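Presented below is the structure to which this report refers.
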Amino acid sequence: MAREVTPSDLVITPRDRRFGRGARTERWWNGGDPVATALYNALSATFPKGEAFFVESVRQFRDDAPPKLAAEIKAFTTQEVMHSREHVAFNKRAHEAGYDLKPLEDRVDWRLNFVRSKPPIASLAATMALEHFTAILAHELLRDPRHLGSCDPESAAMWRWHAIEEIEHKGVAYDTWLHATRNWPRFKRWSVKAKVMMLVTRNFVIDRTMGSLELLRQDGLTGPRVWARLFWFAFVRPGMFRKVFAAWASFFMPGFPPWNHDARALLADAERSLAAA
Ligand SMILES: [Fe+2]
Ligand SMILES: [Fe+2]
């Protein structure tokens, strides 16, 4: 293996937690705000299929992985499978609250089937880029409590639990990518990675925007004022997507590894709060 980026003393620990079973979630569970709810529901709609795809993509390269990476892939798989399970349950509650997530899930299927029609390294590259995306969103979610400030405690705990584990395993797909491309010239590795990230970002922004607008349409909310409110929420206040921009851009630095940004202090704090909750 060329090198590894996950710190050697980091143990990826799957936390088998269940949230909100038997509970009813308010339709606008995120602070009573349809826009905040739509964006998070649009994200949640992607997770069961998306994370199954991440697992499948990484596992295609585990056979000749060194033992440390193989163990990390195993822990990553366990974490993602549990995330999918909890988002299936969360999405079911959104469905019970009156939303039809099927158009959003169909869109995810369409994107993933396109990548699956390419060689396996394309799936790994897309996973590596999307895992960076999830990790930076997760970091911002934990860093600023306002993102989930006024939502019900059970939903907040589920999103924070997921965020903790996303940060914890943020280096695994990247390490797998470094391993799988260990014989590639440096520039080729960088240029493929950069192109894939640009593509993934474009698709992510388009699809999550369309998904959020579809859910708002199901609320009977349409038109330019609603688009402006969605833009404001995503990019201005609390502005999740604006705040992750620098971390997103760091991906393009030559030699970028996700653990350049050591998030273990943030993880420890979040874990304490989750245990208290
Ligand atoms: Fe996950
Ligand atoms: Fe992940």
Side-chain angles (χ1 to χ4, degrees), residues 5-7 10-20 39-62 65 69-91 104-105 108 111-112 115 123-142 147-148 155-178 193 196-197 200-201 203-204 207-208 240 244 247-248 251 256-259 261 263-264 266-267 270-271 274:
V5 299
T6 299
L10 180 92
V11 180
I12 299 172
T13 314
R15 299 153 184 81
D16 191 0
R17 297 274 308 262
R18 285 165 202 263
F19 302 90
L39 186 58
Y40 280 82
N41 280 355
L43 282 170
S44 184
T46 69
F47 284 132
K49 288 166 190 287
E51 299 198 304
F53 168 80
F54 296 168
V55 166
E56 158 199 321
S57 307
V58 166
R59 282 163 64 99
Q60 293 190 84
F61 292 90
R62 82 185 151 164
L69 179 59
E72 286 167 0
I73 290 174
K74 189 161 181 283
F76 162 84
T77 300
T78 309
Q79 287 190 334
E80 295 292 35
V81 167
M82 290 190 302
H83 302 166
S84 289
R85 181 192 72 199
E86 289 314 298
H87 282 277
V88 165
F90 186 85
N91 295 347
L104 285 68
E105 292 164 351
V108 175
R111 290 275 188 215
L112 297 182
V115 186
S123 293
L124 181 62
T127 298
M128 177 259 301
L130 282 162
E131 278 285 288
H132 178 59
F133 231 103
T134 7
I136 61 179
L137 294 175
H139 191 276
E140 177 55 30
L141 190 87
L142 295 182
H147 293 297
L148 292 169
S155 300
M158 193 278 284
W159 284 93
R160 292 200 171 109
W161 161 82
H162 191 170
I164 288 171
E165 296 200 341
E166 282 307 316
I167 295 171
E168 201 172 64
H169 72 225
K170 68 179 174 172
V172 177
Y174 199 79
D175 278 335
T176 310
W177 159 259
L178 288 181
K193 168 183 122 154
V196 169
M197 185 48 130
V200 157
T201 302
N203 296 345
F204 184 93
D207 290 359
R208 296 308 81 75
M240 170 72 86
V244 301
W248 175 84
F251 185 83
F256 154 87
W259 279 99
H261 185 176
R264 276 176 286 184
L266 180 75
L267 279 185
E271 188 122 48
L274 186 66

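From a predicted model like this one, the values you see are computed outputs, not experimental measurements. For ligands, and for the atoms within them, numbers begin at 1 and follow the listed sequence.
If you run side-chain contact (heavy atoms from CB on, under 4.5 Å) between W161 and each of E166, M82, E271, only M82 comes through.
The N, O or S atom of E51 with the smallest distance to the Fe ion (ligand 1) is OE2. The N, O or S atom of E131 lying closest to the Fe ion (ligand 2) is OE2.
Judged purely by atom type and a 3.5 angstrom limit, K193 uses its side chain to pair as donor or acceptor with the backbone of F251. A side-chain donor-acceptor contact under 3.5 Å links N91 to the backbone of S44. In this structure, the side chain of E72 does not engage the main chain of I12 through any donor-acceptor pair within 3.5 Å.
With the Fe ion (ligand 1) at the apex, H162 NE2 and E166 OE2 define an angle of roughly 90° (rounded to 10 degrees).
Looking at H83 and E80, their side chains come closer than 4.5 Å, going by heavy atoms from C-beta outward.
With 2.8 Å as the limit, H83 does not count as an N, O or S neighbour of the Fe ion (ligand 2). Residue contact annotation: E80 places an N/O/S atom under 2.8 Å from the Fe ion (ligand 2).
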